[in-house]
Amino acid sequence: MKRRTKIVVLGSALLLTAGAASAATASDAPRERTTASDAPRQREAAALTGTAKLYRSAGDDITFSFDAHLAAEDKADPSKATGTFEFSHYLNGEGARAEVKVDCLLTGGMVAVVSGVVTDSDLPGAKGKRVGVTVHDLGRHDRLGYSWASTGSPVDTKELPKCVSSAPFEKVAKGTGDFTVVPWQPEL
């Protein structure tokens, strides 16, 4: 065997021996007691977070932001979701914004549907209306849809049920899509 090969083989053997000795020492060492705060946190049942602007060739400034969560203990009931989301739509200095309290969150794979009731808005007639939004988390090319897609305004949507929205037909503006969907995994 050449000298260089012997050194590489010897070095590899030393690393393997050291790794095995460390593992044995770690397994032989007395275990420390763990507390509840040391225990791994249980994954939430579902989530939708992030902010993005929609792409519009006319220059509309449309932004959606989400902070919606379904706790692990509420896994069986998407209507126990909590959080908020906001949206705004402005063009040439005119438009409106709304803040929404989440009342339902369903996710499947990288798609989320969230709904809630408008708690604050400068759009006349929007306060108290339920709205829904769908997000498809595609990394840098996220998509979004909203319940008022066919009516033109959240105000014109009549008695929308929880967790209802449209297909995610809108594209987000390049460089703004940072939505994150945590998939729901119900026990079926």
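Keep in mind it's a predicted model, so treat the numbers as computed, not measured. Computed over heavy atoms, backbone and side chain alike; hydrogens, waters and symmetry mates excluded.
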Quiz item: In chain order, what residues pass the side-chain hydrogen bond (donor to acceptor under 3.5 Å, both in side chains) check against Asp178, with sequence neighbours excluded?
Solution: none

Quiz prompt | Thr107: side-chain hydrogen bond (donor to acceptor under 3.5 Å, both in side chains) partners, not counting sequence neighbours | solution = none

Quiz item: By the rule that ILVMFWY residues connect when side-chain heavy atoms come within less than 4.5 angstrom, directly or transitively, which residues belong alongside Leu123?
Solution: Val155

In a table with atom names and distances, give each donor-acceptor pair under 3.5 Å that connects a side chain of residues 86-93 to protein atoms at least two apart or in another chain.
from  : atom 1 : to    : atom 2 : distance (Å)
His89 : NE2    : Asp60 : OD2    : 2.7

Compare all side-chain heavy atoms of [X] with those of [Y] and state whether any distance is below 4.5 angstrom.
| X | Y | value |
| --- | --- | --- |
| Arg56 | Glu170 | yes |
| Arg143 | Leu138 | yes |
| Pro154 | Val131 | yes |

Nearest 0.5 Å, what's the [atom1]-[atom2] distance between [X] and [Y]?
| X | Y | atom1 | atom2 | result |
| --- | --- | --- | --- | --- |
| Leu48 | His69 | CG | NE2 | 8.5 Å |
| Ser115 | Leu106 | OG | CG | 8.5 Å |
| Asp77 | Leu70 | CG | CG | 8.0 Å |
| Asp61 | Leu54 | CG | CG | 9.5 Å |

Closest non-hydrogen atom pair between [X] and [Y], with its separation:
| X | Y | result |
| --- | --- | --- |
| Ala71 | Ala45 | O-CB, 3.6 Å |
| Val100 | Val118 | CG2-CG2, 4.1 Å |
| Ala173 | Thr176 | O-OG1, 2.8 Å |
| Phe179 | Asp142 | N-OD2, 3.1 Å |
| Ala149 | Phe169 | CB-CE2, 3.6 Å |
| Gly177 | Ala52 | CA-CB, 3.8 Å |

Shared hydrophobic cluster for [X] and [Y] (ILVMFWY, side-chain gaps under 4.5 Å):
| X | Y | value |
| --- | --- | --- |
| Ile62 | Val133 | yes |
| Trp148 | Val117 | no |
| Phe64 | Val111 | no |
| Phe85 | Val113 | no |

Quiz prompt | Derivation and outcome, salt bridge (Lys or Arg N to Asp or Glu O under 4.0 Å), residues Lys80 and Glu73 | solution = CA-CA 10 Å; Lys80 289 190 176 180; Glu73 61 268 16; over 6 Å; no

Run the side-chain donor-acceptor check on residues 180-188: report pairs under 3.5 Å with partners two or more places apart or on a different chain.
from   : atom 1 : to    : atom 2 : distance (Å)
Trp184 : NE1    : Lys75 : O      : 2.9

Practice problem: Identify which one of Lys129, Arg97, Lys127 satisfies the salt bridge (Lys or Arg N to Asp or Glu O under 4.0 Å) criterion when paired with Asp120. | Solution: Arg97

Quiz prompt | Pair Phe66-Leu144, side-chain contact (heavy atoms from CB on, under 4.5 Å): steps then yes or no | solution = CA-CA 12 Å; Phe66 302 94; Leu144 188 138; 4.1 Å; yes

Is there a donor-acceptor pair closer than 3.5 Å between any side-chain N or O of [X] and the backbone N or O of [Y]?
| X | Y | answer |
| --- | --- | --- |
| Ser147 | Gly132 | yes |
| Ser165 | Thr134 | yes |
| Thr119 | Glu99 | yes |

Quiz item: Can you name the residues that form a salt bridge (Lys or Arg N to Asp or Glu O under 4.0 Å) with Arg130, not counting sequence neighbours?
Solution: Asp103

